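The structure displayed is predicted, hence computed values, not measured ones. Here is how names work: the chains are called A, B, and so on, in the same order as the sequence lines, proteins then strands, and each is numbered from 1.
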Amino acid sequence: MDRSGKTKKLVSRRDFLKSVGGGAAGLGIVPRVLGRDAAGRAAGPDLETEENPRITLTVNGRKIVLLVEARETLLEILRDRLRLTGAKRVCNRGECGGCTVLLDGRPVYACHLLAVQADGQEVRTVEGLARRGKLHPLQQAFIDKDGYQCGYCTPGFLMASAALLEKTKAPSPEEIKTALSGNLCRCGNYQKIYAAVNAAAQEMRKG
Amino acid sequence: MRARDPFEDAYFDYREHMQARPGAPPPPPQEATPAGEFKHIGKYTPRIDGAKIVTGRARYTHDLYFDDMLHGKLLRSPHASAEIVSIDLGPALAHPEVKAALKLKESGRVRWVGDPVACLAATSERAAEEALALVKVEYKVLPHVVDDAAAMADGAPRVGDAPNVAAAGQATRGDIEKGFKDADVVIERDYRTNWEVHQPTETHASAAAWDGDSLTVWDSTQAVQSVRDGLARALEMPAGKVRVLKEYMGGGFGSKLGLNDFTLAAAKLAREAGRPVKIVMTRRENSYCVGYRPSTRFHIRIGAKKDGTITALQMKNYNCGGVGRGDRCAEPFTDMYKIPNLKVEEYAVQLNACASRATRAPGHTQGTLALEGAMEELAAALKMDPLELRLKNYARKSKGETGLEYSLKALDRCYRAGAEAIGWARRNKIPGAGSGRVRRGIGMASQIWPGAGIPGTMADLKIFSDGCVEIECGTQDIGTGTRTHIAVVAAETLGLNPSDITVKVGNSDYPWAPISGGSLTTPSVAPAVRDAALKAADYLKESVSKRLGAPPDAIILADKKLVLKTDPAKAVEFKEAVKMLRIPAVFHGVRAGYPDDKFDFQTFGAHFAEVEVDTGTGKIRVLKHVAAHDIGRVVNRQTAESQVLGGITQGLSAALFEEKLMDAETGAMVNANLHDYKIATVRDIPEIVPLFMDTPDDRLNNLGVKGLGEPPRIPSSAAIANAVYNAIGIHVGEIPMTPARVRAAFKRKKEGRS
């Protein structure tokens, strides 16, 4: 946005990705991070209409303006459009917490929220948890305590616990369990996930 | 020779893979290393790829996006049984966003709700979904059956060409009639387990891309090698032109062991459209299209002398895996205890649901629930301590003391350690002896599972002249920590740190390794890596021998140095020692064979659970769960503990909550989501105590390691069911032990029935 507050140009996903660090995988035929359709256009609507409203999101600290389909979920925007694939699509109906992100600091199921409902708000994903190349204490604790197995539910658990620790410095066991109870870990590593959150809370209190 | 079915690995029986022993050579002379000398093996090593996972950079199949990528979808039968009259793809192909569509069946039967009929690929997932509705399929609907009792009844609609019930296996030993005659006490019991769905968090997914006549497939799989082989067979192309990749995978538990129909569909659609195609299952599809643990109905008769000596055991099981063949559940009965007279019969029941698939410890989990339930009930009938009963019938040899000697069996130690940790003496001496509305109980269960691994597994270790060490192995890390195990073993052997090792797995082009299932991975891969690393160590010792003025066998690798054993001051830095390499040196490691004609190699374990049962509501709460395992040498205690926690959490979940429910009228699954299909959450988990007996078996391989994937899953549900029995004095007899089933059992007890 320029100073007048008017949007001049929509942020391209390439620029956006550069800024938030959604890197490509190093696999043989490399899946290019930026998908384009057969006509060479970036996927997603290119004309602002009632069905395709313009929204503004702040994603991991970076402001972005984009046209979305009114039916698109926040998770679809994050994954399919912005290629921030940390939030996972597990159940796609608000039952498992695999897509948990922070919306203005609150943990929400991104699969269960339309992108337009997030308009004007701040979104934080697991890609934005580490700051300036340093892991968040929660991330370090998950590594130290082996708070994962396959790792697929991990971003959701991390964001749910980040929301807890940002508002509660010394959570009780009950508070930790409540914060984590909306997330499913099918590998069954809850005991270590709990231990990791507990350890991170202690670490953060130490400062 | 019959052509191999390209899909068969998806439905395979672990035991068949275990018998496949490619070119097993005799074991090489082994240098047994006492555990005390290890710096990394058996210790707590955080995963080497942890940072990738916690930052969201670990890339799963779901997370792949390609230029020009199309999204594929399968059209599935809405009928549980029908004849396809015609399929018309025309209207779907006319959709502007559809780029390819294919029939998956020309005609013939569909036999379950979800049976794939056609597939198509479009420029977006939503467009693909829309277009599915445009495919015109005419069905002639036929009668179906989705309940196993109904499928067994006379006049039930036939699921396939053969009768719905078929003999699936049997075993006999001794004289069963005489055995029962010799018994002082005989009990007869029924046990039932229901359908448990894998529900991995990452639904099944594949992406396919062609480069000329070569195919690359990214698959959420437990078996890159099997998927490669399956694709090559199905597409009738050379295996060398197919590459299967899996970087990260969000859980499988047996449901991702081979080629899937949608993976083949993705490959065919990609070829048709000339663009990459990704197909991702919805949670709904994942719930009813990719398998589940077969249900069982056991009838058991067991007899013993007054002193607890078992004289006879008879088991009959009706096992149901939909249109599949189900599980074989006999092994715990034939192998767990010293039983001279035995008769087991198994029957497979077919009905109109997708084929079951291997589910973490197939057969053993269900069989153990029944066998160990009967042991607990027999102990009560004998007025004996259930642990004493198990020790009384302890088998030192396989096949109920009639087969080979066990190379190593420390189950007795597991019993002692577990009993102490749970406080076994606190249990109700007479089941249900407590009073009040909420009652506590303690129960136990034992486990046996072959965890020997597969000879012939390979790994290549590369050393670059800059000191980098890299391992390539065609295995895959399915969340068990295989990457880290490999790094631990290589680092240990070369005197480096696990974080110094670059591990490359999950690519079918790498040296062969088995499926990651059946507890095969660590005992197959770790010895191969050890072998490669020992060869590298020998080579390096040789190369610095002159410089250190000592023979190679006087040199050890430790602390990133090659050091003289007798004089640690004399050393060459590892980096220095490899500098003379002009090209990378490659050391090929192979997992050797083992003397399987002399010894039987098994894993053992015992679980002890403490529960609280509300006899008013029927709600069960597990308070504590202790797991003691005899699984050889532990490679990484960190991930081994996680495996055990997982086995118990899943076992608890299956014991209390999980059940795939079918609607008789429509033949469809009614709880095909994660809200109505209940999975344990953090709130359901008790204090879990994993204990390892640390029992390296040096006859088995160069590290004495066995597998740990299945063992902790096997007795976990059974121990909880037995603890409930100890609390309320009646075995619920069926899992999941829902509140309604617990209340019904308690009512039966009050009415004096068993």
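Across G506(B), P276(B), G50(B), the residue that shares the most heavy-atom pairs under 4.5 angstrom with chain A is G50(B). Comparing V682(B), T649(B), N507(B) by how many heavy-atom pairs each has under 4.5 Å with chain A, the most go to V682(B). Between chain A and the options T203(B), T681(B), I685(B), the largest number of non-hydrogen pairs under 4.5 Å is found for T681(B). Among H136(A), K145(A), K177(A), Q191(A), the residue with the largest count of heavy-atom pairs under 4.5 Å with chain B is Q191(A).
Looking at T154(A), the atoms closer than 4.5 Å to chain B (heavy atoms on both sides) all sit in the side chain, from C-beta outward. For L184(A), the parts lying under 4.5 angstrom from a heavy atom of chain B are both the backbone and the side chain. If you measure heavy-atom distances from N92(A) to chain B, you find no contacts under 4.5 Å at all. Looking at L158(A), the atoms closer than 4.5 Å to chain B (heavy atoms on both sides) all sit in the side chain, from C-beta outward. Of the atoms belonging to S287(B), not a single heavy atom falls under 4.5 Å from chain A. With a 4.5 angstrom heavy-atom cutoff, E202(B) touches chain A via backbone and side-chain atoms both. Contact of R93(A) with chain B is made through the side chain alone, with heavy-atom distances under 4.5 Å. Neither the backbone nor the side chain of R284(B) has a heavy atom closer than 4.5 Å to any heavy atom of chain A. If you measure heavy-atom distances from P686(B) to chain A, the contacts under 4.5 Å come from the backbone alone. Residue I688(B) touches chain A through both its backbone and its side chain, counting heavy-atom pairs closer than 4.5 Å. Both the backbone and the side chain of E641(B) come within less than 4.5 Å of a heavy atom of chain A. Contact annotation for E174(A): both backbone and side-chain heavy atoms come within less than 4.5 Å of a heavy atom of chain B. In this structure, chain B has heavy atoms under 4.5 Å from both the backbone and the side chain of T178(A).
Nearest heavy atoms, D146(A) versus R47(B): OD1-NE, 2.7 Å. The nearest pair of heavy atoms linking L674(B) to C96(A) is CD1-CB, 3.9 Å.
In this structure the side chain of T55(B) reaches within 4.5 angstrom of the side chain of L135(A), judged on heavy atoms. You'll find the side chain of H62(B) reaches within 4.5 Å of the side chain of R79(A), heavy atoms only. Side-chain atoms of Q149(A) and T480(B), non-hydrogen and from C-beta on, never get closer than 4.5 Å to each other. Using a 4.5 Å heavy-atom threshold, the side chains of I53(B) and F142(A) count as separate. Under the 4.5 Å side-chain criterion, counting only non-hydrogen atoms from C-beta, S642(B) is in contact with K192(A). A 4.5 Å side-chain heavy-atom check between L645(B) and Y190(A) finds every atom pair outside the cut-off.
Salt bridge annotation for R186(A)-E658(B): present, with a cationic side-chain nitrogen under 4.0 angstrom from a carboxylate oxygen.
Counted within 6.0 Å of NZ on K134(A), heavy atoms from surrounding residues, nucleotides or ligands total 12 or fewer; the atom is thus considered open.
Of the inter-residue distances, the one linking I48(B) atom CD1 with I143(A) atom CD1 reads 12.0 Å to the nearest 0.5 angstrom. One finds the SG atom of C187(A) at 8.5 Å from the CD atom of Q643(B) (value rounded to the nearest 0.5 Å). Atoms OG1 and CZ, on T85(A) and R57(B) in that order, are 11.5 Å from each other to the nearest 0.5 Å. Here CD of E69(A) is found 7.5 Å from OG of S124(B). Values are rounded to the nearest 0.5 Å. The line from CZ of R283(B) to SG of C111(A) is 11.0 Å long, rounded to the nearest 0.5 Å. Rounding to the nearest 0.5 Å gives a distance of 9.0 Å between CG of D80(A) and CZ of R126(B).
K88(A) and T201(B) share no side-chain donor-acceptor pair at under 3.5 Å.
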